[in-house]
Amino acid sequence: MKFFSQSFLYDDNWPIVSLAYFLRYPNPYASHVLSCDVISREQTPTGTLLTTRLILKRGNLPRWFPKQFVSRAESWLVEESEVDPYGKIVKCRTRNLDNVKVMRVEELVEFRQTEESKTLQHTEVRITSGFGWGLTKRIETYGITKFKQNIQRSREGVHLILGLIRQSRLQPM
Amino acid sequence: MASSLSPECTPLKTTYDTCFNAWFEGYLEPAVSKTPAERTAYSKEKADEFEQKCGKVWKDYKACVQNAMKASGLEGALQQARDEHSLAVPPKAESSGH
């Protein structure tokens, strides 16, 4: 298992960052997202909002990977989130549904409002391969390397959406 | 907004997303400033508003996606993965301490 975590501070407050995070697809930094559906959504008695989304992403396998083990380079992901507006916290957990033996990726993201009304994003990822054949370590390292590359792009996507929301709020209704 | 997994559901998805996003934006901003005493009434009021504005399209969109998932055999895999919304119970140890 390989683990990676990173924190990032947004200058904007929690409601706008959380909104941008949920509106982030599509954006030019996420062209690998092929589809995204809400499959369940409910308000809990405590006032939080639980959402489950099913996302299809185009993957890219490394050149050294034995292709016969993976049916196609697309991956279904389940994203479960809880938005707690009263505690000013978003929690979001994403995992892949297929090819989990080759590589299981579990990502946890949290957004919390700080005392200065900024928003702290904390991201954790665990990558586990059960592949064997001497490739386990290599697959896990590949997964973490890709994740580190993508986290930057994903943030640029959220920044772009943040800009659009700010802009639209400046327009007279 | 990204497409639906099934092209036939995309128009419903687009209508639903637009409706939900407007509702969500109007929900988050005021919610954060509610006092604990006001919260229950506010949540209820917003839930009713959602039902009234987006309830119908949400029902149609959900049914469309469910049918598409059944047809594609995705349903089984998904059911297995999310027999329970895992965030309904906060993940243990994982999210603590940073």
Side-chain angles (χ1 to χ4, degrees), chain A residues 5 7 13-16 18-19 22-27 30 33-52 54-56 76 78 80-89 91-93 95-98 100 106 108 110 112-113 120 122 124 126 165 168-169, chain B residues 1-7 9-10 12-13 16-17 20-21 23-36 38-44 46-47 50-51 54 58 61-62 64-66 68-69 72 74-78 80-82 84-91 94-95 97-98:
Chain A
S5 75
S7 293
N13 65 18
W14 182 85
I16 190 169
S18 303
L19 182 68
F22 280 90
L23 303 189
R24 72 193 186 281
Y25 301 140
N27 73 68
V33 174
L34 303 173
S35 79
C36 174
D37 283 287
V38 177
I39 53 173
S40 78
R41 180 166 265 158
E42 55 174 307
Q43 272 185 280
T44 66
T46 54
T48 69
L49 184 74
L50 292 180
T51 303
T52 307
L54 183 61
I55 300 166
L56 183 63
W76 288 103
V78 179
E80 294 158 303
S81 60
E82 180 172 25
V83 180
D84 175 2
Y86 306 127
K88 300 192 188 85
I89 302 170
K91 283 182 187 169
C92 185
R93 173 176 184 254
R95 31 199 185 127
N96 57 318
L97 278 184
D98 36 22
V100 288
E106 185 186 27
L108 289 165
E110 271 188 18
R112 287 173 188 269
Q113 178 141 311
L120 185 69
H122 182 74
E124 289 181 9
R126 283 171 179 73
I165 297 173
S168 78
R169 287 185 180 177
Chain B
M1 276 152 256
S3 315
S4 170
L5 59 95
S6 166
C9 306
T10 299
L12 283 171
K13 176 193 149 63
Y16 165 73
D17 278 348
F20 172 81
N21 293 344
W23 175 85
F24 189 53
E25 185 168 7
Y27 169 72
L28 278 184
E29 287 282 355
V32 296
S33 57
K34 296 288 170 202
T35 64
E38 295 168 329
R39 287 174 187 174
T40 312
Y42 179 75
S43 292
K44 168 86 172 72
K46 294 306 278 187
F50 176 83
E51 188 52 42
C54 315
W58 166 231
Y61 166 52
K62 202 161 113 178
C64 187
V65 171
Q66 272 167 358
M69 283 168 57
S72 67
L74 252 174
E75 213 185 24
L78 186 67
Q80 214 180 347
R82 58 169 291 263
E84 196 51 60
H85 190 298
S86 55
L87 286 178
V89 183
E94 290 177 325
S95 64
H98 47 78

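Lettering follows sequence order; numbering is per chain, from 1.
- At a threshold of 4.5 Å between non-hydrogen side-chain atoms, the residues A:Leu34 and B:Ser3 do not count as touching.
- For the options A:Leu19, A:Asp37, A:Leu49, heavy-atom pairs under 4.5 Å to chain B are most numerous at A:Asp37.
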* Asked: Going through the checks in order, is the side-chain contact (heavy atoms from CB on, under 4.5 Å) test met by A:Leu54 and B:Met69?
  -> CA-CA 10 Å; A:Leu54 183 61; B:Met69 283 168 57; 3.9 Å; yes
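- Looking at every heavy atom in both residues, B:Ser43 comes nearest to A:Tyr86 through OG-OH, 2.8 Å.
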* Go through the steps to decide whether B:Leu28 and A:Ile16 satisfy the test side-chain contact (heavy atoms from CB on, under 4.5 Å), and finish with yes or no. => CA-CA 8 Å; B:Leu28 278 184; A:Ile16 190 169; over 6 Å; no
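- Using a 4.5 Å cut-off on side-chain heavy atoms (C-beta onward), B:Glu25 and A:Ile165 make contact.
- Remark: A:Thr46 OG1 to B:Arg39 CZ distance equals 10.5 Å, nearest 0.5 Å.
- With a 4.5 angstrom heavy-atom cutoff, A:Val100 does not touch chain B via any of its atoms.
- For the pair A:Arg41 and B:Phe50, the minimum side-chain heavy-atom distance is 4.5 Å or more.
- The candidate from B:Ala47, B:Ser4, B:Ser6 with the greatest count of non-hydrogen atom pairs under 4.5 Å with chain A is B:Ser4.
- Residues A:Ile55 and B:Leu5 have side chains not in contact (no heavy-atom distance under 4.5 Å, counting atoms from C-beta outward).
- Contact record, A:Gln43 with B:Lys46: OE1-C, 4.2 Å, taken as the closest heavy-atom pair.
- Side-chain contact check for B:Phe20 versus A:Val38: every heavy-atom pair is 4.5 Å or farther apart.
- Between A:Pro85 and B:Tyr27 the shortest heavy-atom distance is CG-OH, 3.5 Å.
- Here the side chain of B:Lys13 pairs a donor or acceptor atom with the backbone of A:Cys36 at under 3.5 angstrom.
- The minimum heavy-atom distance linking A:Lys88 with B:Val32 is given by the pair CE-CB, 3.6 Å.
- With a threshold of 4.5 angstrom between heavy atoms, B:Val65 approaches chain A through side-chain atoms but not through N, CA, C or O.
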* To do: For side-chain contact (heavy atoms from CB on, under 4.5 Å), just list the numbers for A:Leu23 and B:Phe24, CA-CA rounded to whole Å, side-chain angles, deciding distance to a tenth of an Å, and then say yes or no.
  => CA-CA 10 Å; A:Leu23 303 189; B:Phe24 189 53; 5.7 Å; no
